[in-house]
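This report concerns only the one structure given below.
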Amino acid sequence: LAHGAGGKATRTLVEAVFLEAFRNPVLESLDDGAALDVNGSRMVFTTDSFVVSPLFFPGGDIGDLAVNGTVNDLAVCGARPLYLSAAFILEEGFPVADLRRITDSMAAAAARAGVHVVTGDTKVVQRGKGDGCYVTTAGVGVLDRKITLGPSTVRPGDAVIVSGPIGEHGITIMIARGELDIAADVTSDTASIHDLVATLLDTAPVRMLRDATRGGVATVLNEIAEAAQLAIMVDEPAIPIRPVVNGACELLGLDPLYVACEGRFVAVVDGAHAEAAVDALRRHPLGEAAAIVGTVEADPAGLVLLKTVFGGTRIVDVLVGDPLPRIC
Amino acid sequence: MAERGRRRIRVHGLVQGVGFRPFVCRLAGVYGVAGFVGNDSGGVFIEAEGRRPALDGFVAGLAGQAPPLAVVESVTVEVTEPIGEVGFRIVRSAGGALREALVAPDTATCGDCLAELTDPACRRYGHPFANCTNCGPRFTIVTGIPYDRHATTMADFVMCAACEVEYRDPGDRRFHAQPVCCPGCGPALRMVGADGLPVPGDPVTTAAAWLRQGRILAVKGLGGYHLAVLADQADAVARLRDRKRREDRPFAVMAPDLVGAHALVRLEPAAERLLTGMSRPIVLAPRHGNSKVAEAVAPGSRDLGVMLPHTPLHHLLAGQLAQPFVLTSGNLSNSPIEVEDQEALRRLSAVADGFLLHDRRIHIRADDSLVRVFRGRELPIRRSRGYVPAPVTVPWPFPRPVLACGAELKNTFCVAKGVQAFLSHHIGDLENYETLRSYAEGIDHFCRLFGVRPAVVAHDLHPDYLSTKYARDLPEVELVAVQHHHAHIASCLADNGYAGPVIGVAFDGLGYGEDGTLWGGELLIADLTTFHRAGHLEPVPMPGGTAAIRQPWRMAAAHLTGTYGDELPLIRRHRDQWPAIVSMAQTGTNSPLTSSAGRLFDAVSAITGIRDIVSYEGQAAAELEARVDPNESHAYPVRLTEGETLTIAASDLVRAAAEDMIAGIAVERIAARFHNGLATAVVRAVHSLRERTGLRTVALSGGVFQNIVLLELIVSGLEQNDFRVLVHSRVPPGDGGISLGQAVIAAARDRSADAW
Ligand SMILES: [Fe+3]
Ligand SMILES: [Mg+2]
Ligand SMILES: [Zn+2]
Ligand SMILES: [Zn+2]
């Protein structure tokens with residue numbers, strides 16, 4: 001089993017094993033969450049596991065990451081998050097003080113997001129069989145709006161918006177491991193984005209939303225282009241990225257487009273309303289750097305192309321596994 | 001009187017558009033045989049009737065006396081009954097289901113056409129598009145088959161009566177020369193400014209004047225647009241570099257004639273032969289110290305790429321200029337060269353001050369070919385215009401039609417059937433979308449042109465190569481994944497027509513290895529079907545992956561880690577980032593392991609202060625080669641570790657170079673000691689593998705073997721030890737040859753599957 005960088009290898013695994021085993025119409029969409037009809041009310045249900053190392057990093061820890069991640073999965077499905085569950089797998093000997101730190105930040109994140117952790121579970125595994133602490137959260141939210149989100153609604157002429165500077169979480173984690181002789185003033189972008197999403201939904205006709213977690217913005221864009229069978233043209237200079245993140249990416253040899261975020265989303269919106277949408281997002285504290293980064297076009301279907309500063313068009317592809325150089 | 005007989009004859013090979021049918025007519029006259037000749041999509045068909053000895057002579061002459069551009073692959077003869085035919089005639093071309101006829105490469109203007117071009121009495125005096133059956137555009141204008149006027153971009157022009165007479169006359173040099181034309185009926189040349197507005201006056205005269213004024217021109221050539229400036233105008237050359245952006249790549253220079261070329265570079269007989277041959281590649285040759293060429297034409301290089309005019313247009317322009325001029329690919333960095341007028345005007349107007357262009361469309365893009373000379377033989381670096389699509393024949397028939405998808409950078413693809421492998425023109429770097437599109441279109445075009453419907457598709461092991469993804473998306477084909485360096489060695493085997501097994505030395509930048517690491521300094525025991533990794537350079541981390549390729553100094557950091565401090569100038573230059581890069585290498589953070597020889601050259605190039613950061617692939621290694629002091633004989637010692645696989649401790653070379661730098665040894669001597677040391681280590685390693693395997697034949701392949709200093713050291717070292725050494729002479733050792741290797745491996749596996 002290859003370690004997943006969120007690329008095609010993970011996707012293939014999901015399709016080959018889980019979809020095969022559990023196949024049903026709801027699962028088949030392989031969305032961030034499942035839209036359900038429960039006694040006439042439209043709900044979204046989602047779950048996510050968190051295995052970050054280190055557990056504590058500038059801007060957050062595994063606790064608020066676990067709350068925000070699940071809240072965000074609900075949000076990008078267009079739902080208002082309501083209730084969460086939290087399950088912990090703890091390694092024998094894990095300090096209670098650390099656990100308390102994690103639960104405290106979970107509680108704070110839940111309060112900020114306006115959700116309640118209403119059920120949970122704890123298991124302890126033998127020393128050496130886990131990295132201290134794993135957290136799994138599940139969440140339910142309610143669909144208040146009568147809107148349909150998804151790739152089938154995406155049209156040529158739509159605009160692609162990124163809600164804030166990219167790559168901050170991934171870079172923060174790499175540096176926070178403390179193995180590298182690199183100092184950079186970055187903090188994780190982990191945050192609940194449901195309020196920012198609501199702002200967007202209030203302002204513009206939105207076609208589709210995704211949170212840009214593992215695999216980064218590039219992977220999300222590819223999922224959209226492929227599912228919609230349309231092209232996405234990205235304007236390289238328009239991508240919001242802080243200089244410090246850009247510098248760290250250059251040093252580490254990473255393409256920021258593939259670096260994970262934990263509080264950013266990618267939205268496809270009606271092109272005619274894109275400017276207004278970005279204006280509205282920018283008035284929100286979490287959306288100050290929101291930007292239109294590209295447009296949807298008919299051709300070449302299924303591909304994401306980056307217009308580089310040198311006037312070329314580079315293919316932004318889904319990576320099969322960890323990024324490996326392709327130059328001979 | 002000898003008995004009469006009749007023969008039904010088929011000639012296969014490159015026999016269309018090369019004056020083959022008039023040649024057959026003449027031959028029939030010589031031997032006094034009757035009958036007819038014609039073209040169809042299967043090649044040339046002939047029926048001949050006459051006395052037996054005359055028929056035999058006629059048949060033998062078909063291959064033996066064929067015209068210069070023809071390549072006769074086979075002549076099949078069937079005996080039939082005489083019907084009493086008299087006279088010999090040419091019959092009309094017929095279309096057909098068979099598609100075996102070959103399309104010729106574009107060919108340099110022949111002596112006859114050149115004489116007409118400069119003869120004021122001739123009606124084609126000064127005509128930029130003159131051609132005949134012995135010369136002119138072919139591959140770049142062919143839109144389909146059979147090769148006929150309507151299946152070329154010359155279909156846009158209606159032949160005038162005078163041209164038509166020549167075209168129909170079997171005795172004329174232009175008989176069935178499909179692109180035949182004259183000033184009255186052919187394409188028209190024009191000059192426009194960067195604004196797209198016409199510039200009055202004779203276009204060639206104006207273009208020459210503009211160049212003399214130091215302006216940059218875009219010139220529409222055979223296979224695409226070029227950018228031109230006078231070679232001795234430093235300002236203009238600098239401006240061209242500046243406008244093309246982030247380009248250090250050496251520019252090629254066109255000399256007006258051979259005398260002019262001799263004034264620029266030292267030409268051994270083989271180089272002269274290549275320079276004046278029908279393919280007209282750019283020939284890389286050692287530059288004279290006093291040649292009048294601006295330094296910025298080929299910075300950091302001892303060699304200069306020189307070519308001679310290959311079309312009447314280039315002859316006219318060069319004739320007016322009477323001095324060398326830079327002629328480099330007309331593109332923006334990372335994009336393919338422009339072929340379409342509107343696009344060229346739009347995209348190159350930021351670079352060129354004016355355009356010298358015409359209205360004959362270019363159907364297929366073909367970059368200039370580039371060759372070096374090694375031991376009096378051609379060493380192809382880029383095989384494109386003038387060579388493609390002539391097939392590379394191999395001694396092993398392809399059981400089923402094959403498509404080989406090539407690598408990622410400097411891509412070529414290959415379609416193959418029978419004993420012929422049609423290696424494509426230079427496609428380029430697939431990550432660029434325009435390039436990827438021309439890749440897919442090029443494959444379709446080749447399959448149509450040569451009637452190949454691939455049943456087997458070979459691709460690289462690298463999961464993220466766009467060529468791999470292209471292969472995997474093809475419906476209803478059998479996929480064959482081929483390891484990159486096995487493909488390199490197989491391409492060398494195919495180049496030499498030798499099936500192996502051999503000890504293969506595959507040295508290149510990198511390729512995906514079977515163990516998921518990046519290989520590139522490999523010793524393989526290989527034949528066409530399989531290989532075994534018998535040895536390799538010791539793997540090192542590449543700190544930052546692709547970033548380490550762009551910044552060779554990172555490779556030095558990966559090798560040296562904390563061994564040295566400020567006493568090494570390299571570390572002083574990168575004091576800020578050195579600890580970070582070392583920590584990445586030590587923790588393996590985005591630092592994939594590689595055994596690459598190219599990255600080893602990078603490390604030494606950086607340590608010697610030659611190249612810390614590159615702007616094009618292979619730059620650091622090329623500049624290190626250029627600095628070698630040929631009089632230095634010392635070789636850095638390298639440890640070999642004999643185990644199940646043999647390991648060459650490449651770090652020994654890197655540390656020795658660093659020690660010498662600190663000791664103040666001249667860079668030229670360090671460069672030589674490194675080359676000598678690496679070559680000695682390779683020869684020793686190969687020797688050790690001979691003891692294990694008994695193999696005495698060695699194949700050298702991979703992009704590193706574009707380096708003729710290293711090549712000479714290794715070849716002579718091996719020959720002194722009684723090895724037979726195979727090197728490249730028909731296809732490039734670099735990734736431009738990979739698709740041929742993939743194709744022959746796929747075929748060999750196909751054959752061995754049958755054997756089961
Ligand atoms: Fe290679
Ligand atoms: Mg999720
Ligand atoms: Zn000619
Ligand atoms: Zn004419």
Side-chain angles (χ1 to χ4, degrees), chain A residues 2-3 5 7-9 12 170-171 173-184 218 222 226 231-234 247-255 258-259 297 299-328, chain B residues 245-246 332-335 347 350 407-410 429-434 436-437 462-466 468-469 484 508-512 516-518 520 542-551 554 577-584 586-587 589-592 594 598 617 702-703 734-735 738:
Chain A
H3 199 285
K8 204 172 251 173
T12 309
I171 293 297
I173 294 297
M174 283 187 90
I175 293 174
R177 286 184 191 139
E179 300 170 324
L180 300 176
D181 220 325
I182 298 175
N222 269 287
E226 196 181 330
I232 296 179
M233 301 293 202
V234 182
C249 281
E250 272 174 25
L251 190 61
L252 291 161
L254 299 172
D255 183 340
Y258 293 90
V259 178
E297 292 179 18
D299 284 318
L303 287 185
V304 180
L305 300 183
L306 187 73
K307 282 182 236 160
T308 66
V309 288
F310 295 109
T313 41
R314 183 162 69 78
I315 294 167
V316 179
D317 210 13
V318 193
L319 295 180
V320 172
D322 290 329
L324 275 181
R326 287 178 281 179
I327 298 171
C328 173
Chain B
R245 286 209 262 190
R246 65 169 213 172
L332 297 176
S333 57
N334 295 331
S335 299
R347 295 166 65 110
E408 176 84 353
L409 258 65
K410 299 182 177 174
D429 302 347
L430 297 183
E431 192 181 53
N432 176 281
Y433 174 65
E434 287 82 5
L436 185 69
R437 213 176 48 195
H462 198 308
D464 284 320
Y465 274 5
L466 289 158
T468 303
K469 292 176 180 176
H484 190 91
D508 70 352
L510 9 122
Y512 195 85
T517 70
L518 297 164
M542 276 173 76
T546 304
I549 300 171
R550 290 195 211 101
Q551 303 176 10
R554 289 178 181 233
Q577 293 191 333
W578 192 270
I581 298 304
V582 168
S583 69
M584 284 174 65
Q586 287 176 335
T587 57
T589 306
N590 194 29
S591 300
T594 186
E617 201 246 315
D735 280 8
I738 277 270

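Per chain, numbering begins at 1; letters A, B, ... match sequence-line order.
- Here B:D735 contributes atom CG and B:D508 contributes atom CG; the two are 6.0 Å apart, rounded to the nearest 0.5 Å.
- Both the backbone and the side chain of A:L252 come within contact range of chain B, each with at least one heavy atom under 4.5 Å from a heavy atom of that chain.
- Within the model, atoms CD1 of B:I738 and NZ of B:K410 stand 12.0 Å from one another, a figure rounded to the nearest 0.5 Å.
- Atom CG of A:L303 sits about 10.5 Å away from atom CD1 of A:I232, to the nearest 0.5 Å.
- Comparing A:L305, A:D255, A:L306 by how many heavy-atom pairs each has under 4.5 Å with chain B, the most go to A:L305.
- In this structure, a donor-acceptor pair under 3.5 Å is absent between the side chains of B:S583 and A:E179.
- Of the two parts of B:R437, neither the backbone nor the side chain holds a non-hydrogen atom closer than 4.5 Å to a non-hydrogen atom of chain A.
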